[in-house]
Amino acid sequence: MYSRILVPIDGSATAQRGMEEALAMSCSSKIHIVLLHVVDQAVAALDAGTPEAAEARRRQLVSAGEALLERARQQCVDAGASCEAVLREVMSERAADAIAAEALKRHCQLIVMGTHGRKGLTRMALGSDAELVVRHASVPVLVVRYPKELP
């Protein structure tokens, strides 16, 4: 049985779906949830023209990530789950690699994450963090697909 689950979150509905799945698992047994938000510093550097603007953007991304983690942590606490929140900043590392590495560092036995389930050209253009995590993680990965909205 799993005692520690890593749940990457980014504020998307798919990430929320992954967190809901982890919460459901934690309610049926004693599982500690490790919430992870990855801030890509390269995004801040690309968004800004000067080093000062890049640093201001990085601080903004970190602040938004901390707020996101706090809301998710509170949701876990409200559900009665044991949890911790981790913010990780990366510069030249893919988010998927940071997720896989953090699972090892935090001694997690499972990663639970949502996916859009993109196919074809959209998947090729946008990539799939979930697919990369599945390929690179040394622990099992439960990928939860976000259900398509009904018409």
Next on the checklist: If we count only N and O atoms by modelled type, under 3.5 Å, do the side chains of Gln74 and Arg71 hold a donor and an acceptor together?
Outcome noted: no
Checklist entry - Between Leu104 and Ser138, is a side chain to side chain contact (heavy atoms under 4.5 Å, CB included) present by the stated rule, with each step listed? => result CA-CA 8 Å; Leu104 284 177; Ser138 60; 3.1 Å; yes
Checklist outcome for this item: Scanning both residues in full, the closest heavy-atom pair of Val141 with Val133 reads CG2-CG1, 3.9 Å
Checklist entry - Looking at Glu93 and Arg88, does any basic side-chain N land under 4.0 Å from a carboxylate oxygen? => result yes
Item to check | Positive for side-chain contact (heavy atoms from CB on, under 4.5 Å) with Pro8, one of Val86, Ile111, Val34, Val38 | outcome: Ile111
Checklist entry - Shortest non-hydrogen contact from Ser3 to Gln109? => result N-OE1, 2.9 Å
Checklist outcome for this item: Residues at least two apart in sequence or cross-chain that pass side-chain hydrogen bond (donor to acceptor under 3.5 Å, both in side chains) with Glu84, listed by chain then number, are Arg4, His32
Next on the checklist: Check whether His37 reaches the backbone of Leu87 with its side chain - one donor and one acceptor, N or O, closer than 3.5 Å.
Outcome noted: no
Item to check | Closest non-hydrogen atom pair, Gly18 against Val112 | outcome: O-CG1, 3.3 Å
Next on the checklist: If hydrophobic clusters are built from ILVMFWY residues whose side chains come within less than 4.5 Å, do Leu69 and Val90 share one?
Outcome noted: no
Next on the checklist: I need the minimum non-hydrogen distance between Val77 and Cys83, along with the two atoms involved.
Outcome noted: CG2-SG, 4.5 Å
Checklist entry - Can you tell me how far OG of Ser92 sits from CG of Asp40, rounded to the nearest 0.5 angstrom? => result 9.0 Å
Checklist entry - Shared ILVMFWY cluster between Val144 and Met25, side chains joined below 4.5 angstrom? => result yes
Checklist entry - Quick one: does Ser26's side chain have a donor or acceptor within less than 3.5 Å of a partner on Leu23's backbone? => result yes
Next on the checklist: Please report the interatomic distance CG(Asp97) to CG(Asp129), rounded to the nearest 0.5 Å.
Outcome noted: 9.5 Å
Checklist entry - Should Tyr2 and Pro140 count as side-chain neighbours, where that means a heavy-atom distance under 4.5 Å? => result yes
Checklist entry - Partners of Ala54 by side chain to side chain contact (heavy atoms under 4.5 Å, CB included), sequence neighbours excluded? => result Ala48
Item to check | Single-linkage hydrophobic cluster Leu36~Val39, side-chain heavy atoms < 4.5 angstrom | outcome: no
Checklist entry - Is it true that Ile9 and Val134 fall in one hydrophobic cluster, defined by side-chain heavy atoms closer than 4.5 Å? => result no
Checklist entry - Which residues pass the salt bridge (charged side-chain N to carboxylate O under 4.0 Å, His left out) test with Glu21, sequence neighbours left out? => result Arg17
Checklist entry - Under a 4.5 Å cut-off applied to non-hydrogen side-chain atoms, are Met1 and Lys30 in contact? => result no
Item to check | Single-linkage hydrophobic cluster Leu132~Val139, side-chain heavy atoms < 4.5 angstrom | outcome: no
Next on the checklist: Please find the pair of heavy atoms, one from Arg73 and one from Leu35, that lie closest to each other, and give the distance.
Outcome noted: N-CD1, 3.5 Å
Checklist outcome for this item: Heavy-atom nearest pair, Met19 first then Val7, reads CA-CG1, 3.8 Å
Checklist outcome for this item: The residue among Glu70, Glu20, Gln16 that forms side-chain hydrogen bond (donor to acceptor under 3.5 Å, both in side chains) with Gln75 is Gln16
Checklist entry - Going through the distances and angles, do Thr14 and Thr115 end up as a side chain to side chain contact (heavy atoms under 4.5 Å, CB included)? => result CA-CA 6 Å; Thr14 56; Thr115 183; 5.9 Å; no
